[in-house]
Protein chains: 2
Amino acid sequence: MAAGIKHTEGALDLALVVNEGPVFASAGVFTSNRVVAAPVTLTRSHLASASLKAIILNSGGANACTGQAGFHDAQASARHLAPLLGCEVKEVGVCSTGMIGQRLPMDKILHGTDAAVAALASTPEAGAQAADAIRTTDTVPKTYEFSSQEGWQIGAMAKGAGMLAPALATMLCVITSDAILDDDMAAAALSEAVRTTFNRTDSDGCMSTNDSVILLASGASGVAPSEEDFTEALRSTCANLARQLLADAEGASHDIEITVAHASDEAAGEAVARAVSRSNLFKTAVFGNDPNWGRILSEVGTVPESVAPFDPEQIDVSINGVMVCRNGGVGEDRSLVDMTPREVQVLIDLKAGEENVVLWTNDLTHDYVHENSAYSS
Amino acid sequence: MAAGIKHTEGALDLALVVNEGPVFASAGVFTSNRVVAAPVTLTRSHLASASLKAIILNSGGANACTGQAGFHDAQASARHLAPLLGCEVKEVGVCSTGMIGQRLPMDKILHGTDAAVAALASTPEAGAQAADAIRTTDTVPKTYEFSSQEGWQIGAMAKGAGMLAPALATMLCVITSDAILDDDMAAAALSEAVRTTFNRTDSDGCMSTNDSVILLASGASGVAPSEEDFTEALRSTCANLARQLLADAEGASHDIEITVAHASDEAAGEAVARAVSRSNLFKTAVFGNDPNWGRILSEVGTVPESVAPFDPEQIDVSINGVMVCRNGGVGEDRSLVDMTPREVQVLIDLKAGEENVVLWTNDLTHDYVHENSAYSS
């Protein structure tokens, strides 16, 4: 729906996702930020006491840092929608994305909700319009479909321009499936899928107040997949969407895949990968097509030994397949590295264990500075 | 000395600081990075067993990530210098700054050392030349002088373009005094002075492999100050130099002072200030003269409760004196904030205790991206 929340005339800004059953399973994963937007607080509490049957999402305003009044606004959305769908208020989830610190125009939201209920449709067009309606600075909508050989499917949409903007509600994702699940299996599968996908995508290290990933399953296929099969399909769904978000990251010119090999454990590998992914010096070097391994190594060295045991003089670093740093010192000639592809692959071998961790980020560019200094003004 | 280490013909690149006594007290504070340059490893070990009498410093190469060979190079510098000054090898400190991952041209270093010893002078010109010789991307040399009413003095020089570049040896600082100190008092005073000055200056969150702050005291004034007086003078010396480094930060257009008020304790306040100082979204907003308090609040919310207890709905944020966020929500009209001055003052009131912490950073600009993407190529 174009509810008039966005300033652009006719821009889609409201989406409704409804589970028509016969099964109603749901799960959600939310931002770990302590400054949490009102719709996240509300949806989290609903999920704790019920299975969600519907999600109402808006762009054009995050409803974050809006106090008790903002929380009442989110509640009003759910209270308005529930009787229209014949469900309970606690079965409604609410997601918002846009500027922080502004109240939502509730008259427009509620009118738009009426129109969205009247226009509910199970068509590809309706799905595409919903994915479009949750965009903010996204240049393209992000969707993904998965069909199992057993006859169950997953459909998903996400918004987010590379985890880049907490003044926007960085990332929203709604995943639907016609598989037969229960809430426990939905929660376990979602948590596992998000852990190694969205949570390993770190564009600029900034954590949003509104991040929400919600799964609804209807059982309409009549097929109950194994937890292993469903989790793997969900993982590939989340991985695909995470890469779409990163590819649309504001101003990025390189996607960067950081692999930490032979870490002592997963937490150690992730800490090292995250430290490197958050180094502005490393990220500007990549923007400059500069295989500057010294900036990688000095960032690896900031991780405390209690978190990641390793010997700095044993570390190898390869960039796009060329081992430019061997045993903590100079390796192959750095001029052998071809930095022209969009994707840059960094391999950091800690030689401290058996665990491998992969994390994705992007470079720091003039366009990032431009878009984020000009955004709200 | 112009020893020929830098590629530019005639550029000063080698400096020698000698303590002529009668007292020989010294102390040093070094990077906490686990990837540590050879001269830091060497100087740390010398300081552990002796008082330093001389420091030899070079720009044009960091001698970091150079393995055992690099360590032998640093040792060779100390071994060459000690007999020329009639002191022991362990009484020599070595500091290097420049690109990571390249061996130093030792022939030039050793010849330059001979020339530096021959040219030793206690003149203002010699001091200015030394401050010039340790520059890398610094646009100006940084020095500071302090004279006490009791007759003792402090003189100091530093290099660093805003803690911005671990591919450079980010920061070197040598502080001399003619006060009568012993090593214990020198170490205690230096540690306390650095804690609230250099360690609260966080330009881009990147930690160098070479950071060194070294204090030498000669006792030549014949005056023994109280520990309190000397520490306070040293603190103001370090604070002044830290602000000089920040003012010269690569590409910065705003200096930013972040004050966290009413934190539960110092660590809590520092964690909150540091989180905000490392947010690219906050820093690009300041570059865009945008008083975007939502980006501050969402960064404050990333600090775990175990580190900094506070209620997100109690936080006030003022920018340049205007309280744009009150109790976690919208406060005064943001258009009242004047963002044109070079210095931007951010006050975050946690209302969680009695501790106030101040930290300095700068904005993230096009020039930062340009200088750091173009640096090594």
Do you know which two heavy atoms are closest between A:R34 and B:P312, and how far apart they sit? O-CG, 3.3 Å
Give me the atom names and distance for the closest heavy-atom approach of B:L297 to A:V35. O-CG2, 3.3 Å
With a 4.5 Å cut-off on heavy-atom pairs, point out which of A:G328, A:A64, A:G67 contacts chain B the most. A:G328
Could you tell me the separation between the [atom1] atom of [X] and the [atom2] atom of [Y], rounded to the nearest 0.5 Å?
X	Y	atom1	atom2	result
A:C325	B:I100	SG	CD1	10.0 Å
A:S373	B:K283	OG	NZ	14.0 Å
A:T284	B:H370	OG1	NE2	11.5 Å
B:E313	A:Q68	CD	CD	6.5 Å

Can you tell me which residue pairs pass the salt bridge (Lys or Arg N to Asp or Glu O under 4.0 Å) test with a partner in residues 64-74 of chain A, sequence neighbours excluded? A:D73-A:R103
Within-4.5 Å side-chain heavy-atom neighbours: [X] and [Y]:
X	Y	result
A:V369	B:L364	yes
A:Y368	B:N280	yes
B:S298	A:N33	yes

Under 4.5 Å, counting heavy-atom pairs only, tell me which of B:I315, B:N327, B:V303, B:N289 racks up the most with chain A. B:V303
Which one wins on heavy-atom pair count under 4.5 Å against chain A: B:G70, B:G101, B:A69? B:G101
With sequence neighbours excluded, what pairs up with A:R274 under the salt bridge (Lys or Arg N to Asp or Glu O under 4.0 Å) test? A:D202, A:E270
